Amino acid sequence: MSDSTSFFGDPDPIFANKDLLRVQHLPDKDRIIGRDEELTQLANAIKDAAHGRTPNNVLVYGKTGTGKSLCTKYITNDLVSSAEENDVSVGVAYVDCFQDSTETQTVRSIADSLNDPDETDVKIPMSGLSTSDYYRRLWNILEDRYDVGLVILDEIDKLDSDDVLMQLSRAAESGKIEDSTLGIIGISNKIRYKETLNERVRSSLSERNLVFAPYDAKQLGEILNSRIDAFREGVVEEAVIPKIAALAAREHGDARKAIDILRYAGESAYERGHETVRETHVDEAHEREERNRLSELISKLPSHSKHLLNALALQAQQHDDDDPEIPTEDVYSLYEIMCEQEGTDPLKNRRVRDLLSELEFLSVIRQQHKGRGRGRGAHTVNQLVDEPELVIKACKSA
DNA sequence: TCTCCACAGGAAACAACGGTCT
DNA sequence: AGACCGTTGTTTCCTGTGGAGA
């Protein structure tokens, strides 16, 4: 599986084990860097679970790439094994709430990851059940298999209602489960997330709060160094890692992005046939990391959103101004023409307004509301965030 | 300072879909 | 087989409002 040999079977001159630079890669404990205190706090908060008692519910905050999910996964793994020594069975369910954002999807996902059909004789179908059915099955599974259930809700702020949180936090007191107990670890990158919750849920969910600060340059450097085994020995020049670390610390403190840049730098060196990864490759890699984000984002957009974006970009390009403001009605009429040419039915105005505000949410465009005076109504103008040429190119290639 | 209306955007309803349950 | 479920994408309906011009 590793990319250590090239297409032609020759050994890769740059990478020894590229997997170490994949985001999904879960490092060993000695590779988790600069998070000792957070790990300890987290462990303290949930340690009761190891003895079969109800753990504290925890809210973990911190920007992206600060190691929240990583540490949570690590510590819960650890908990499961130390609980085993006490003859306590702990089940951990990890849910990415960005993917499973509705109440039903979340319960389903939790039930599914705690379940073992052979053991419980319960099936968790992908769909078709009512929400309450999924809950019923989840409670059964919990009672059947575990003393303690730990639910990790990653990107908890993406949840579209508090209902799951309500149900989960009240499961024991409302008698839904009797022999088992349940703990929740919520992970969010919005520091104000707690304020959006209703009072009941808030108090029970945030018994403990933890904040992960962005990594500083020193820690980023250590993190990158710990992945140096991804490269062949001596391939990465000395200045490279400090440079990436400084860059990433200045901009965001995001370890994930820093690792991406390191990988891109390696790829740059490889493509140019250089034998070592140099500082110049870092600059290229940095640019590449940014450009990739845009085209990746656009390629994942539904086709009508792409058409709209394309229409907006074309109009921005024709405009004399540098950063022109295009009214929604203009975008819409060009979009209609483009759909006609393609032979697809255009969406109605109302829907288009929704799609445009989604694009704004994704920071691909900027919107501004303006009034037009007596008898002329109010309207919205749209601006591109990136260069029109870049956007058009990305729309075409996608 | 006040007026006025086209558009923004919330709410609800609908349709299609892919699934389960009895 | 037919009732039922949740999700997604869309349309229809409707109210609230920004701000240029009177």
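Letters A, B, ... are given to chains in the order of the sequence lines, protein chains preceding strands, and every chain is numbered from 1. These numbers were taken from a predicted model, which means no experiment stands behind them.
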Quiz item: Do the side-chain N or O atoms of A:Ser130 get closer than 4.0 angstrom to the phosphate oxygens (OP1, OP2) of C:dG6?
Solution: no

Quiz item: Does a side-chain N or O from A:Arg351 land closer than 4.0 Å to OP1 or OP2 of C:dT11, or not?
Solution: no

Quiz item: How many Å lie between CG on A:Leu355 and P on B:dG9, as a whole number?
Solution: 13 Å

Exercise. Nearest whole angstrom, please: distance from the P of C:dC5 to the CD of A:Glu103.
Key: 15 Å

Exercise. Round to a whole Å and report the spacing from CG of A:Asn349 to C1' of C:dT12.
Key: 13 Å

Quiz item: With the threshold set at 4.0 Å, does a side-chain nitrogen-carboxylate oxygen contact exist between A:Glu267 and A:Lys18?
Solution: yes

Quiz item: How close or far is atom P of C:dA20 from atom NE2 of A:His379, stated in whole angstroms?
Solution: 10 Å

Self-check item: Separation of B:dA11 P from A:Arg350 CZ (nearest whole Å)
Solution: 11 Å

Exercise. Look at the side-chain N and O atoms of A:Thr328 and state whether any lies under 4.0 Å from the OP1 or OP2 oxygen of B:dA8.
Key: yes

Quiz item: Are A:Tyr61 and A:Phe212 near enough that their ring centres are under 6.0 Å apart?
Solution: no

Self-check item: Any A:Arg137 side-chain nitrogen or oxygen under 4.0 Å from OP1 or OP2 of B:dC21
Solution: yes

Practice problem: For the side chain of A:Ser127, starting at C-beta, report the closest nucleotide among B:dG19, C:dT7, C:dT12. | Solution: B:dG19

Quiz item: Are A:Arg35 and A:Tyr215 in a cation-pi setup, meaning NZ or CZ lies under 6.0 angstrom from the ring centre and within 45 degrees of the ring axis?
Solution: yes

Quiz prompt | Closest listed nucleotide, where the reference is the side chain of A:His369 and the choices are C:dT11, B:dG9, B:dT20 | solution = B:dG9

Quiz item: Side chain of A:Glu329: nearest nucleotide among C:dT11, C:dG6, B:dC7?
Solution: B:dC7

Quiz item: How close or far is atom P of B:dG19 from atom CG of A:Leu129, stated in whole angstroms?
Solution: 13 Å

Practice problem: Respond yes when some side-chain nitrogen or oxygen of A:Thr380 is under 4.0 Å from OP1 or OP2 of B:dC7, and no when none is. | Solution: no

Self-check item: Value in whole Å for how far the P atom of C:dG6 lies from CE of A:Met126
Solution: 15 Å

Self-check item: Which residue lies more 5' along DNA chain C, comparing A:Gln99 with A:Gly128 via nearest heavy atoms
Solution: A:Gly128

Quiz item: Counting just side-chain N and O atoms, does A:Arg353 come under 4.0 Å of either OP1 or OP2 of B:dG9?
Solution: no

Quiz item: Please give, in whole Å, the distance from B:dG10 P to A:Asp354 CG?
Solution: 8 Å

Practice problem: Taking only Lys NZ, Arg NE, NH1 and NH2, and the carboxylate oxygens of Asp or Glu, determine whether A:Glu389 and A:Lys393 approach each other closer than 4.0 Å. | Solution: no

Quiz prompt | Pair A:Asp323 + A:Arg366, salt bridge at N-O below 4.0 Å | solution = yes

